[in-house]
There are 2 protein chains.
Amino acid sequence: MTRQREMILDEFLRIEGHLTAEELTLAVKKRDSTIGQATVYRILKILVDSGIAREVRLGSNVVKYEHNIDHEHHDHLICERCGKTIEIVDQRIEELQKGLAEDHKFIITGHIMNIFGICEECRGR
Amino acid sequence: MTRQREMILDEFLRIEGHLTAEELTLAVKKRDSTIGQATVYRILKILVDSGIAREVRLGSNVVKYEHNIDHEHHDHLICERCGKTIEIVDQRIEELQKGLAEDHKFIITGHIMNIFGICEECRGR
DNA sequence: GCCTTTATGATAATTATTCTCATTATCATG
DNA sequence: CATGATAATGAGAATAATTATCATAAAGGC
Ligand SMILES: [Mn+2]
Ligand SMILES: [Mn+2]
Ligand SMILES: [Zn+2]
Ligand SMILES: [Zn+2]
């Protein structure tokens, strides 16, 4: 356990929502500008592996991270125009997914579901 | 309409399944080695925009493409060990997705659903 | 405190994709 | 068919995100 790890973990947990590696780096550098980019990447990987963080990819190729503890599993509903993202979960879908996997004799380990659309606000304009 | 476009489209349609930009470039270069990488990228983008091709991202950051015509919409069930990919579709899930979007006053434009698991074969070993 | 091990920071390397721009091909028109 | 305006191409540079390298520094058991 190093000073850097404590600081990066702490900062990650302090920030709610989805954030990129770069955004986390920026936040951490405000506290200690000597922390290196590579270290943030390294520790983000550790956080994902240990189940503290989760990767989120909402369309595009931008990788973001979000809390994976004290934060129930959920999927995302994304507005294609403004990028607004709503966290959703539907137990019936989760069940059907499990069933589909079983039909093919898979043991399910996870899933990603992004629903894309246009939000009401964006339609207004 | 250029020679390159014809050739790249033709080669893309000839190949079933998921393929990367690089794989398509390779296939096309076998026919005409003078075709440039950038042209393949450019034309792939056109194919996606025109609805002939569809981007597929199965976990990781590898972008693949598949046919989007004469090929019903589907989602993917992926083995995390061997990468085997099964195309799936469940009308009940599609309906529920639509409902979820409506609940949030979104007009749905599409979705991505990847289910991850371990296939029977991989479990055997 | 000392020593082995592991982590860190700076920077180079890598990879996929996009951009730039001089050259070339396309195609409507005379 | 020639012509010329317009758009597409190919080569390579540029970009951006992530990973690798490696000398130096910090951590933690003794
Ligand atoms: Mn989320
Ligand atoms: Mn497919
Ligand atoms: Zn919107
Ligand atoms: Zn498998």
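Values below: every heavy atom of this structure, side chains too, minus hydrogens, waters and symmetry copies. To find a chain, count down the sequence lines: A is the first, B the second, and so on, and within it residues start at 1.
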Separation of [X] atom [atom1] from [N] atom [atom2], in whole Å?
{"X": "M7(A)", "N": "dG9(C)", "atom1": "CE", "atom2": "C1'", "value": "14 Å"}
{"X": "L9(A)", "N": "dT8(C)", "atom1": "CG", "atom2": "P", "value": "13 Å"}
{"X": "I35(B)", "N": "dA11(D)", "atom1": "CD1", "atom2": "C1'", "value": "14 Å"}
{"X": "I43(B)", "N": "dA25(C)", "atom1": "CD1", "atom2": "C1'", "value": "13 Å"}
{"X": "R42(B)", "N": "dT20(C)", "atom1": "CZ", "atom2": "P", "value": "12 Å"}
{"X": "R3(A)", "N": "dA27(D)", "atom1": "CZ", "atom2": "C1'", "value": "12 Å"}
{"X": "I46(B)", "N": "dT18(C)", "atom1": "CD1", "atom2": "P", "value": "13 Å"}
{"X": "L47(A)", "N": "dA7(C)", "atom1": "CG", "atom2": "P", "value": "14 Å"}

Is any side-chain nitrogen or oxygen of [X] closer than 4.0 Å to OP1 or OP2 of [N]?
{"X": "K45(B)", "N": "dT18(C)", "value": "yes"}
{"X": "T2(B)", "N": "dT9(D)", "value": "yes"}
{"X": "T39(A)", "N": "dG9(C)", "value": "yes"}
{"X": "Y41(A)", "N": "dT18(D)", "value": "yes"}

- [ ] Looking only at non-hydrogen atoms, find the nearest pair between H67(A) and I15(A) and report the distance.
- [x] NE2-O, 2.9 Å
- [ ] Check every atom of dA27(D), dG10(D), dG9(C) against the side chain of Q4(B) and return the nucleotide holding the closest atom.
- [x] dG10(D)
Open item on the list: Among dT11(C), dT8(C), dC19(C), which nucleotide has an atom closest to any side-chain atom of A38(A)?
Closed with: dT11(C)
Open item on the list: Whether D49(B) and K45(B) form a salt bridge (side-chain N of Lys/Arg under 4.0 Å from carboxylate O of Asp/Glu) is what I want to check.
Closed with: no
Hey, does [X] reach any base, or is it just sugar-phosphate, or nothing, if we go heavy atoms under 4.0 Å?
{"X": "T20(B)", "result": "nothing"}
{"X": "R5(A)", "result": "sugar-phosphate"}
{"X": "V63(A)", "result": "sugar-phosphate"}

Open item on the list: Under a plain distance cut-off of 3.5 Å, with no hydrogens placed, do T25(B) and Q37(B) share a side-chain donor-acceptor pair?
Closed with: yes
TODO: Report the residue (D32(B) or Q37(A)) whose heavy-atom-nearest nucleotide on DNA chain D is the more 5′ of the two.
DONE: D32(B)
Open item on the list: If you take the centroid of each ring, where Trp contributes its six-membered ring, are H76(A) and H111(B) closer together than 6.0 Å?
Closed with: no
- [ ] Rounded to the nearest 0.5 Å, what's the gap from CG on L58(B) to CD1 on I78(B)? Could you check?
- [x] 4.5 Å
